[in-house]
2 protein chains.
Amino acid sequence: MKALTDPAPGDTDGGATIYQVAERADVSIATVSRVLRGTAPVAAATRARVEAAMAALRFTPSRLGVSLAERHHAANGIVFPDLSGPYFAEVVLGYEEVAAEVGRSVLILSTHGRQAAREMVLDLAARVDGMVVLARTVDDEVIAEVLGKNIPVVVVARDRVRGADSVNAENEHSAEALGAHLAAHGHRSFAFMGDPEISADAYHRWTGLTRALRAHGVNVPQRPVACPFDEDGGREAAAVLLGTDPPDALVCANDEIALGAITAAEQMGIRIPDDLAVTGWDDVMAARHSRPGLTTVRQPMRQLGAWAARRLHERLGGDTSAPRHEVLPTQLVVRASCGHHNKEDR
Amino acid sequence: MKALTDPAPGDTDGGATIYQVAERADVSIATVSRVLRGTAPVAAATRARVEAAMAALRFTPSRLGVSLAERHHAANGIVFPDLSGPYFAEVVLGYEEVAAEVGRSVLILSTHGRQAAREMVLDLAARVDGMVVLARTVDDEVIAEVLGKNIPVVVVARDRVRGADSVNAENEHSAEALGAHLAAHGHRSFAFMGDPEISADAYHRWTGLTRALRAHGVNVPQRPVACPFDEDGGREAAAVLLGTDPPDALVCANDEIALGAITAAEQMGIRIPDDLAVTGWDDVMAARHSRPGLTTVRQPMRQLGAWAARRLHERLGGDTSAPRHEVLPTQLVVRASCGHHNKEDR
DNA sequence: GCCGGGTCTGTAAGCGCTTTCACGAGGGGG
DNA sequence: CCCCCTCGTGAAAGCGCTTACAGACCCGGC
C-alpha cells in the first residue's frame, strides 16, 4: 500500500504540475490537458497511462494556471456590510447556494463600515468574474468603476445603479399596509426607527409609512429616529425616545431594532402592546419566538440572494440586455406586538 | 473631463495589462512592476510617468498574474455545512473579520450535505493557501488529502484530525454544569435531542450530560433523540417524544432545536417550565427574546472563527510547529425555561 | 499505388505578472 | 584618472495551464 502509488519523491511542495504528469506518462502536456478536459480524442492506452500518472501524483490542476489560460476565474464575489444580523447571512446563503449549483466559487467581503471599502471592493473585483453588492456598502462610483472593468454587478437592497441589475424586496406598499394596520388599531402618534440615510430599504419603508399615515389623517413624525440597525442601536435610541416623548406606535426598520426597543420599553415598565405598539421588519427567528410575538414584514431573504446569483450567471453567460430590476414580494406578518387582535394572541 | 484621462480606445475588455501601462509610460514592464510593489528604486520622473499611465488606463494588476508569479493566492477558504442557523454565520463572520484584517480574501463553501462535498472541498483547496473546516462537513481523509497538498487546515467544532490545528468550544464541563443545574431543580427524567453522530459538539454535550446525571443519581436516557439541528427538526422530534413518553427535562444540542421543541410543547398544552424544562445551546438572539427565556450555554462563536483565522495566518507565515488544539470557554446562561428561580424570571 | 480524410499527438505561443541578471551611467576615493 | 559601487533600467526566464497549428499515421476508395 505504499511505493507504487506514492507521489514521486521531491514533490514536497504544493502538488504535482501538469509537466510531471506528462513526464511520468511519457506524453506532452497537451495530451494531459486533453484527457483532463476531454477536448480532443485521446487513444485509450494513452489515456490510461495519463490517468495512472495523475492518480499516482495526486494531481489537481492549478486553478491559477487554468484561470489564467482560460481568462476567467469561475468565481463570483459578494459584498455586504457585515454578517452580524440574520438578514445578510440569509441573503449570502441564498446566493452561495445557487452560485455553487452553477459551479462558481464565492468570495465574500464584509466591509464592516471600514474606510478602505473602495480598495477592498476593487481588490475583490480583480479576483472574480462578477459580483453582487448588498446595500450601501460602497458608493455608486465604485460600482461604476467595477462595471468599467467589464465585471457585471448586481445590487441587492439598494437603489438602482446605472448599468447594474438590481433586486429588492418590495418596501413601500408593505410599509403602507403596515401603517394602515397600525392606524386601524387606533394608534395616532408614531415614530420610525432606523436610518434612511444609510439604507435604501429604510428609506422606502419610511416613505411608505408616512404616506399611509397621511392617508389616514394621522400625524406624521417629523423625521425618522436614526439609529444603528442592531439591538443595541434600537435599545439605546428607544430608551431616549421613550423617556422624552413616547409615541404610541414604534415602527422599526428591522426586527433587531424592534427587539432592542422592546427590551428598553420593558425595562421602563412600558407594556407592549398595551402602552406601545412595536413592529419590525424581516421576520427573523427571534421575531416569532419573542413574547409578545413581533409584528413584522417578512422578506424573501434567501430569494434575494438567489435571484442575484442567477442573474449574475446569465450575465456571465453573455447576456448583454438592458439591466433588469426585480422587486420581490413581501408579506405583512401580524403578531401581538402591534395591539390585540381577535385571534389568540401570541 | 474626457479625453486625456480616458482609457485608451481598444481596451474594451477586462482592463489594461501591465504591458499597456509600460508602453504608455515608455518603460519596460519590469519597471511598472517595481513602482507597483516598491521592490526597487525607481527614478522620481519615471515613477511619475508610470503612475500617470496607470491612472489613465485605470490599471489594476491581474490577481491571476500576480498569484501565479508569486505562487500563492492570498486567499483562504472556509467550509461549513450551511449558513441557515445563526451559529455558522457567526463563526464565518468572526473568521472573515480577522482574515480581512491580515489581508486575505475569503472563499466560502457550504456543503449543504451534498454528496459532492469531497470534490467541492478539493476544488476549493486549489484556490486557497489554507482553509478551515467546520464540523463534520467532510471525512478525515479528505482533510488529509488537502493537508497532503501542503495546504494548512484548521478544524473548528470537530474532533482532532491528524496534522491539523483545531479549536472547539468547551462542551463536556458545561454540559455537566447544565446537567447538575437541572438535577438540582429536581428533574429526574431526561431526554437529549440532537445527533451525536453528525456533530462532535453534540457528542461531547451528550457525554457530559450523562456523566452529570450519573453523578447525581439520575436515570440516564438510553440514547439521544437524533434530529436535524434546526427548528423543524426539534419541533417534529419533540412532538413525537412528548406524545409518547414525555421526560421532565429536555436538553437540546442547540437553541434552534430547543425553540422548536418549545413550540411543539406549547401546541400540546405542555407548560414550560412547569411541566417540562427545556434547554438549548449557543445563546442565539432568539434565546434571549423567547418567553420563557431559554436556558442555554453561550458559545464564543465569533472567537471560534477568529482563532481559526489567526492560527491559519500563523501557519501560512511559516509556523511548522506541532498542531495546536484550543478549547474556548463557554458559559451557562440560566433563564426561565429550565425551571423557576428566585430572581425575577424571564 | 495514390489520395483524401480521420485520429492521435507534439510544438509552441500565449495568459499577466515577478524577479534574476546584466549593463550603462554617475560619483567618490585613492 | 581609474576603480568600484550604487542607482536605474531592460531583457528574459519562469509560474501552470489551454489551444491553435501542424505533422504522423492509418484507412478505405479509386
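Lettering follows sequence order; numbering is per chain, from 1.
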**OP:** Indicate, with a heavy-atom threshold strictly under 4.0 Å, whether A/Ser33 touches base, sugar-phosphate, or nothing.
**Re:** base
Original post:
Please, which pairs that meet salt bridge (Lys or Arg N to Asp or Glu O under 4.0 Å) have at least one residue in residues 99-113 of chain A, sequence neighbours excluded?
Top reply: A/Arg104-A/Asp129
**OP:** Give the rounded distance in Å between these two atoms: CZ of B/Arg34 and P of C/dT20.
**Re:** 11 Å
Subject >> Interatomic distance where CD belongs to B/Gln20 and C1' belongs to C/dC17 [whole Å] >> reply: 14 Å
Subject >> Start and end of chain B contact along DNA chain D [non-hydrogen atoms, under 4.0 Å] >> reply: D/dG8 to D/dG16
**OP:** Would you check if B/Asn168 and B/Asp201 make a side-chain contact, meaning some heavy-atom pair closer than 4.5 Å?
**Re:** yes
**OP:** Flag the pair A/Leu107 / A/Leu124 as yes when at least one side-chain heavy-atom distance between them is below 4.5 Å, and no otherwise.
**Re:** yes
**OP:** Indicate whether any N or O donor in one side chain lies under 3.5 Å from an N or O acceptor in the other, for A/Ser67 and A/His73.
**Re:** no
Original post:
Contact class for B/Thr46 (heavy atom, under 4.0 Å): base, sugar-phosphate, or nothing?
Top reply: sugar-phosphate
**OP:** Applying side-chain contact (heavy atoms from CB on, under 4.5 Å), name anything that partners A/Leu93, two or more places apart in sequence or on another chain.
**Re:** A/Arg302, B/Leu83, B/Ser84, B/His112
Subject >> Close side-chain approach of A/Met131 and A/Val133, heavy atoms under 4.5 Å >> reply: yes
Original post:
Once you round it to whole Å, what is the distance between P of C/dC17 and NE2 of B/His73?
Top reply: 17 Å
Original post:
5'-most contact on DNA chain D: B/Gly65 or A/Glu70, nearest heavy atom basis?
Top reply: B/Gly65
Original post:
CD1 of A/Ile18 versus C1' of C/dG14: gap in Å, rounded?
Top reply: 15 Å
**OP:** Describe the nucleic acid contact of B/Ala30 in one word from base, sugar-phosphate, nothing, applying a heavy-atom distance below 4.0 Å.
**Re:** base
**OP:** May I have the distance from B/Tyr19 (atom OH) to C/dG14 (atom P), rounded to whole angstrom?
**Re:** 10 Å
